[in-house]
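Inspection log for the structure reproduced underneath, given as structure tokens.
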Amino acid sequence: SFEKRINCLRKDQNRKSKHVDRLEQVIYMDIQSRREYQEMKRRDVAENLHRQQILMENFKRRIVLKHQGIDEGIKLINQAKYELEISQQKSRMAGRSKSTLG
């Protein structure tokens with residue numbers, strides 16, 4: 001009877017020990033999966049940030065190019081205005097010289 005009780009206690013202890021081992025495994029796996037999830041989220045955030053930085057750089061580059069294009073356009077317009085002014089002055093001068101000759 002005493003040995004039976006000891007055997008029962010041992011079996012019970014074994015069962016509890018296995019249960020504790022299983023719980024430890026579950027907790028360990030949970031911790032692992034949480035770490036992996038956190039790492040994955042961190043990587044996603046880093047990749048997203050990198051993508052955002054690339055988009056910003058491209059946007060800045062486009063704005064710079066637009067401004068360069070606008071500056072170039074303004075130069076061309078000013079050049080055309082200047083040339084128009086010169087040709088108008090020449091035609092006025094030519095008109096005056098004709099009228100004085102006439």
Handout entry: salt_bridge(Lys16, Asp12) N-O dist < 4.0 Å
Key = yes
Handout entry: NZ/NE/NH1/NH2 to OD/OE distance under 4.0 Å, Glu39 and Arg43
Key = yes
pair [X]-[Y]: side-chain heavy atoms closer than 4.5 Å:
X	Y	answer
Arg42	Gln38	no
Ile77	Lys81	yes
Ile63	Lys66	no

Exercise for the section: With side-chain contact (heavy atoms from CB on, under 4.5 Å) as the test, would you mind laying out the steps for Leu9 and Gln13 before giving the verdict? Expected result: CA-CA 6 Å; Leu9 286 173; Gln13 188 62 40; over 6 Å; no
Practice task
Examine the side chains of Arg35 and Gln32 and answer whether a donor and an acceptor come within less than 3.5 Å of each other.
Solution key: yes
Practice task
Would you check if there is a donor-acceptor pair between the side chains of Glu83 and Gln79 at a distance under 3.5 Å?
Solution key: yes
Enter the distance from [X]:[atom1] to [Y]:[atom2] here, rounded to the nearest 0.5 Å.
X	Y	atom1	atom2	answer
Lys4	Asn7	NZ	CG	10.0 Å
Ile70	Glu72	CD1	CD	12.0 Å
Tyr37	Arg34	OH	CZ	11.0 Å
Glu85	Asn78	CD	CG	12.5 Å
Phe2	Arg5	CZ	CZ	8.0 Å

Over 12 non-hydrogen atoms of neighbours within 6.0 angstrom of [atom1] in [X]:
X	atom1	result
Gln89	CD	yes
Arg92	CZ	yes
Met40	CE	yes

Exercise for the section: Please assess Asp71 against Lys75 for the test salt bridge (charged side-chain N to carboxylate O under 4.0 Å, His left out), listing each intermediate value before the final yes or no. Expected result: CA-CA 6 Å; Asp71 290 346; Lys75 281 180 193 172; over 6 Å; no
Exercise for the section: Test Leu65 against Gln68 for side-chain contact (heavy atoms from CB on, under 4.5 Å), laying out the working first. Expected result: CA-CA 5 Å; Leu65 288 174; Gln68 286 174 348; 3.5 Å; yes
